[in-house]
Amino acid sequence: GLRGAVTSFRDDSFARIASMGGDAAGLLAGVLLGNKTIYAGSELEQAFQTTGLAHLMAVSGTHLAIITMLLSIVLARMPMRRRIRVALLVTALVIYVAITGFAASALRACMMCSTALVLGTLGQRAYVLSGLALCVFVFLGLSPPIAFSLGFQLSALSVLGLAIFGGLASHWLAHALPRLSTGISSSVSATIAASFMTLPAT
C-alpha cells in the first residue's frame with residue numbers, strides 16, 4: 001500500500017545517501033530525510049550544537065515552505081481548479097512528512113501549512129495566531145509532555161515572534177538601513193523577530 005511505498009522510498013533514499021560517506025552523507029540524511037543516525041554523536045553534530053545551528057538539521061517549516069513553493073509553481077501551469085491544486089499540495093506535504101519519519105517539527109509545520117492552504121481555498125483569511133494556537137492545542141492534546149520539549153517551545157515561540165514582531169522589525173530595519181534590498185531586509189527582520197522570542201528558551 002501507500003505506507004509500504006513511502007517506507008521503501010525512504011529506506012532506499014537513505015541507503016543511497018549513506019553510501020556517499022563522510023559529513024556530506026550526514027548532512028543530507030538529516031536535512032532531507034530527518035534521519036540523524038549518520039552524524040549522531042559525531043564532531044559535525046557537536047559543531048552544529050556549539051554554533052547554535054542544530055535546528056537546521058531538523059526537518060521544519062523551512063523545508064515544507066520550499067516544497068510548497070516549488071510544487072505551487074509547477075501546479076500553477078496546469079489547467080486545474082484551485083481546490084484540486086490545494087488538495088495535491090496538502091497530500092504532497094503529508095507524504096513528505098511520512099518520508100521524514102513523522103518528525104514532530106515536520107508535523108507541526110505540515111499542520112500549519114495545510115491549515116493556511118485550506119483556509120485560503122475557502123476564502124477565509126489565514127490568521128497566524130489562530131493557526132499557531134490550533135497547532136499547539138492539538139499537539140498538547142495528543143501528547144501533553146511535549147510542552148517540556150525544547151524543540152516544541154522554540155518552534156511555537158519563533159512563529160509567535162514572527163507574527164507579533166515581524167512587521168515591526170521590518171519597519172525598524174527599513175528606517176535604519178534604507179538602502180538594504182527588500183529580500184535581505186525581510187530575511188534579517190524575520191531572524192531578529194524569531195530570535196527575540198526564542199532567546200529566553202535558548
Side-chain angles (χ1 to χ4, degrees), residues 1-17 20 27-35 55-139 142 155-156 158-164 166-167 170 174 180-191 193-194:
L2 180 60
R3 180 179 180 182
V6 171
T7 303
S8 177
F9 177 80
R10 171 182 166 82
D11 293 342
D12 183 59
S13 299
F14 178 73
R16 290 175 182 271
I17 292 174
M20 296 172 56
L27 283 170
L28 281 176
V31 172
L32 296 179
L33 303 176
N35 192 319
H55 62 280
L56 295 178
M57 300 298 289
V59 178
S60 60
T62 303
H63 299 73
L64 271 72
I66 293 173
I67 291 174
T68 303
M69 179 187 68
L70 293 176
L71 285 177
S72 296
I73 294 173
V74 174
L75 294 175
R77 299 180 179 179
M78 298 181 180
M80 61 178 66
R81 294 182 179 181
R82 185 179 180 184
R83 292 191 176 185
I84 297 177
R85 277 203 302 267
V86 169
L88 290 174
L89 283 171
V90 172
T91 302
L93 291 178
V94 172
I95 291 175
Y96 180 69
V97 171
I99 291 174
T100 63
F102 294 101
S105 56
L107 278 172
R108 291 193 295 270
C110 181
M111 177 177 286
M112 294 197 69
C113 286
S114 299
T115 301
L117 287 169
V118 171
L119 286 177
T121 304
L122 298 176
Q124 301 293 323
R125 186 163 63 95
Y127 191 48
V128 179
L129 292 179
S130 294
L132 176 62
L134 173 64
C135 183
V136 168
F137 280 122
V138 167
F139 274 90
L142 293 174
S155 179
S158 61
V159 175
L160 184 63
L162 289 172
I164 298 177
S170 180
L180 197 64
S181 67
T182 305
I184 297 177
S185 177
S186 61
S187 298
V188 173
S189 60
T191 302

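The structure displayed is predicted, hence computed values, not measured ones.
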**Asked** Within the side chain of S13, is there an N or O that forms a donor-acceptor pair under 3.5 Å with the backbone of F9?
**Response** yes
**Request:** Work out which heavy atom in C110 is nearest to a heavy atom in V97; give both atom names and the distance.
**Result:** CB-CG2, 3.6 Å
**Contact check, side chains of L132 and L160, non-hydrogen atoms, under 4.5 Å** = yes
**Fill in**
Of V86, L88, L70, the one forming a side-chain contact (heavy atoms from CB on, under 4.5 Å) with L75 is L88
**Message:** So which atom in M78 and which in R85 form the shortest heavy-atom distance, rounded to 0.1 Å?
**Reply:** O-NH1, 4.2 Å
**Request:** Quick one: closest heavy-atom pair of G161 and A193, and the distance?
**Result:** O-CB, 3.6 Å
**Message:** Looking at every heavy atom in both A190 and L162, which two are closest together, and how far apart are they?
**Reply:** O-CD2, 3.4 Å
**From CE (M20) to CG (L27), nearest 0.5 Å** = 9.5 Å
**Complete:** Taking every heavy atom of T68 against every heavy atom of S72, the minimum-distance pair comes out as O-OG, 2.6 Å
**Prompt:** So, for I17 and A29, which heavy atoms are closest and what is the spacing to 0.1 Å?
**Reply:** CG2-N, 3.8 Å
